[in-house]
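Every number for a ligand or one of its atoms is a count from 1 in the order of the listing.
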Amino acid sequence: MQKGSFSLTIPFRIFYLLFLGFGFLCFSQIAGAQAECPVQLSQQRVVVRYGGSVAVNCSTSVSHKGMGWEASEGAVAMTRDSLITWRVSNLTEWEIKPYCYINHKEQCQVELPVIIYKTPDNVSISIVKHRRTMIAGRQYQLQCDVQNVAPVHNLTVKWYKGQTLLNQTTFTEDSKTPVNVNPSVLIRPDRDDDGAQYRCEAELDLGAEGPQYPPNKTSDFLSITVYFKPIINETKLPSVVPVFRGYSEEIVCEAEGNPKPTISWILGTNDIVYNKALTISESTPEYVSCVAENSVGTTTRKVKVFIQVKPIINETKLPSVVPVFRGYSKEIVCEAEGNPKPTISWILGTNDIVYNEVLTISESTPENVSCVAENSAGKTTRQVKVFIQDISISTVNHTEPMIAGKQYDLQCSIKYVAPFKIVDVGWYKQNKNNITETIKTPDILTYTVQIRPDRADNGSQFWCEAKLEAEGTQRTSTMKSANLSITVHFKPIINENKLPSVVPVFRGYSEEIVCEAEGNPKPTISWILGTNDIVYNEVLTISESTPEYVSCVAENSVGTTTRKVNMVLKEDYLPLIAGLIAVIVAFISVIFIFIYSIYYKTAKMGHYSLKDAKPSAQNGDIAQNGKHSPIPMKKFSQSDILA
Ligand SMILES: *[C@@H]1O[C@H](CO)[C@@H](O)[C@H](O)[C@H]1NC(C)=O
Ligand SMILES: *[C@@H]1O[C@H](CO)[C@@H](O)[C@H](O)[C@H]1NC(C)=O
Ligand SMILES: *[C@@H]1O[C@H](CO)[C@@H](O)[C@H](O)[C@H]1NC(C)=O
Ligand SMILES: *[C@@H]1O[C@H](CO)[C@@H](O)[C@H](O)[C@H]1NC(C)=O
C-alpha cells in the first residue's frame, strides 16, 4: 500500500501536533526501560527479502567498555567503537534474531526485529473437482495454490474476475518459514459469466518498512464456459398472437442458450415444424408451442393463436328499413358475431348513444339509426332507416258538408309500407265491407273510392284498413285509419202526411194547417198566401177569407221545397142537422111518455133493473211506427261504390 500524502486543515494540524507530543511522552516511558541501555539502532525493524541484504547501525553516545552485534549471521564482535553495523548480504536465516549489546554500567541489549519475506514460487488457479464447463446457477469451488510463501501472516490472496476484485483471503498462522497455501472461494456463475476469466493473486503486505510496492505474484487466467438452459425471447413471442381471419402471420421463436439451442414448433398433438419461424392462420391449432432445447435443458412457450374476426352484423335480424306504425313501438335487435365478442351500441341521430343490443323505436326515433358493433379487430356499422307507417282517410278536394245524392271521392293514403306488400285495402262504413286488392308497392299509396251519400249517411263514420304482409313471410299486420265522420246536407222534404194538398174550409169556421219539413241544415218554413202575403210560421190559420191556394215554402242552403195547398170552402150543415135531431128526439119522447102512461094504467106495478153495460177496454197493442226501431247498421255495399 502506498502512503497517502497529508493535507490537513489548521485545527486538525493542532490536534496532530498534540497527538505527536503525547505519542512522544508514551514512547519515552516505554523506551524508559531501554533508555537505560544507551544504544540507538538506525532502524527499529527491518523487512528483508529472502537472500537480500541488510545493514543496521547501532550507535551510542556514551563511553563504554565494549559493544557488539549478536546474530546467527553477520555478527559484529565486541568493539570499543561507538557505531557498529550489522550487515548481511545474503540473508537466508529465517529465524534470525539479531541484537546490539553494550557494556556500560552493566551490560544491556536492544533487539532488532527482522522480517524475511519470500514471494511464492508459483501461484495457480483451478476448479475443484470439475472441468471448465459450468452450468449457470450452480455452485463451484475455485482454488488458488500458492507455493512457498513467507511470512504467511502477511499474505493476502485476492480473487479477480476480469478486473473485478471478488474476494480476498488472509491467514492467521504465525510461521516465519515458507509454506504452501491453497485457499478457495465458492462461485455461482450466471449465463453472463460465460467466458469470464478468473485469477488469484498472492500479495505480501509488509507494512511501512516493506518495499514501496507490495510484492505479489498472480496466477494465469482461468477462463470458464457457462452453459445454460434455453431462454425464449418473450418480447418477440407474446403468449397470445392475434391473427385476422383470412390472413396469415409469421411468428418467430428466438432463444438464447449455451450451447445454442435447437428450435422447433409443436402444433396440436403431433405436428412438429423444425424452424424458428412459423406461419399461423385460421387453420393453425389454437395452441402452438415453441420448444427450445440444448444439452442443459428444454424450454417451452405456449402461444395462443387468437383468430380475430371483425364484427359481422346479422342482417337477417336487422333489415335496413324498419317500418313502425304510428302510435306503436317496436324493438329491433342488432346481433353481431366477432372475435373477441363485439360490444354493440346504437347511434341515434348525431349524438345519442344507447349501449344495448335492443333498441325500441317509435315515432319519436330519428329517421336514421345505426348499429355499431366493435371489437379489437374492427368496427362494423349498419344503418337502419326507421319508417313511420301511417294510414289516413280523407275526402278528395272537398271540405264542405256533402250534399245528399252527389258523388264524392274518399281517399285512403298509406305511407311507407316497404318492405311490406299490401294484401288488401278495405273500406268501411259503420258496418264492415271491403274491397280486396293485391298490389305491390311504391312507398306511398293512395286508394280512392267514390261514394254517393244519402241523407241517412249524415254523421256516418268511414275508415279504411290495409292488411300488410311482410315480403316472403306469412306475417301479416293490419293498419287502420282514424274515423272520418261525414256531414250530409239535403234539400227540405215537406211531410205530406201532415199537409194534404186539398184542405176543406167550413164557412164560418177557422182552421189550422201545419207545414213540417225535414232538411239539413234545418229549413225555415213560410207560407205564401195569394201573391204577396207571407207568413213566417209553420202553422197557418185558414178560414173562408183565406185565398184558394196557399203554398208552404221550406228552405235551406241546399234548396227550396214548395207545397201548394188548395182550400175548398164547405157549407156548415151542422146547426141544421142538430135542430132536426132535437125535433126528432122531442117527438120520440112525447110518444114514449104517451105509451108508458097507457101501459101503467093497464098493468100491475113491476120492477126493472138496468145493468151497467160498460164497454171493455181494448187490449191490443198499438202498432208503433218505425220511428223507434233501431236503424240497422247499413252495409256500404259494393253497389254503393261506383268504382
Ligand atoms: C551507518 O553509518 C555509516 C557511517 O556513519 C553511514 O555511512 C551509513 O549511512 C549508516 N547506515 C544507516 C543505515 O544509517
Ligand atoms: C546465498 O546463499 C545461498 C545459501 O547459502 C546460496 O545458495 C546462494 O547462492 C547465495 N547467493 C548469493 C548471491 O551468494
Ligand atoms: C283537386 O283539385 C285540384 C285543382 O282544383 C286538381 O288539380 C287536383 O287534381 C284535384 N285532386 C284530385 C285528387 O282530384
Ligand atoms: C272482405 O271481402 C271478401 C270478399 O270480397 C270477404 O271474403 C271477406 O270476408 C271480407 N272481409 C271482411 C272483414 O269483411
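For Glu106, the side chain to side chain contact (heavy atoms under 4.5 Å, CB included) criterion is met by no residue, not counting sequence neighbours. Every residue two or more places apart in sequence or in another chain that forms a side chain to side chain contact (heavy atoms under 4.5 Å, CB included) with Ser126 is listed here: Gln143, Asp145.
Looking only at protein heavy atoms, the nearest one to atom 8 (C) of ligand 1 is Asn57 ND2, 3.7 Å.
Atom 14 (O) of ligand 2 lies below 4.0 Å from at least one non-hydrogen atom of the protein. Less than 4.0 angstrom separates atom 11 (N) of ligand 1 from at least one non-hydrogen atom of the protein. Within the 4.0 angstrom cut-off, atom 4 (C) of ligand 1 has no protein heavy-atom neighbours.
Of all the listed residues (Leu91, Val88, Thr92, Asn90), Asn90 holds the heavy atom that lies closest to atom 1 (C) of ligand 2.
The shortest non-hydrogen separation linking Lys385 to Asn368 is CG-OD1, 3.8 Å.
Checked against Tyr117 for a side-chain contact (heavy atoms from CB on, under 4.5 Å), the options Val48, Leu206, Asn154 give a single hit: Leu206.
With a heavy-atom cut-off of 4.0 Å, Leu83 touches ligand 1 through its side chain alone.
Under 4.0 Å is where a charged nitrogen must lie from a carboxylate oxygen, and between Glu363 and Arg326 at least one such pair does.
Which parts of ligand 1 touch Ser42 is read off a 4.0 Å heavy-atom cut-off, strictly below it: atoms 13 (C), 14 (O).
Note: Tyr50 and Trp94 have parallel aromatic rings, judged against thresholds of 30 and 60 degrees for the angle between ring planes.
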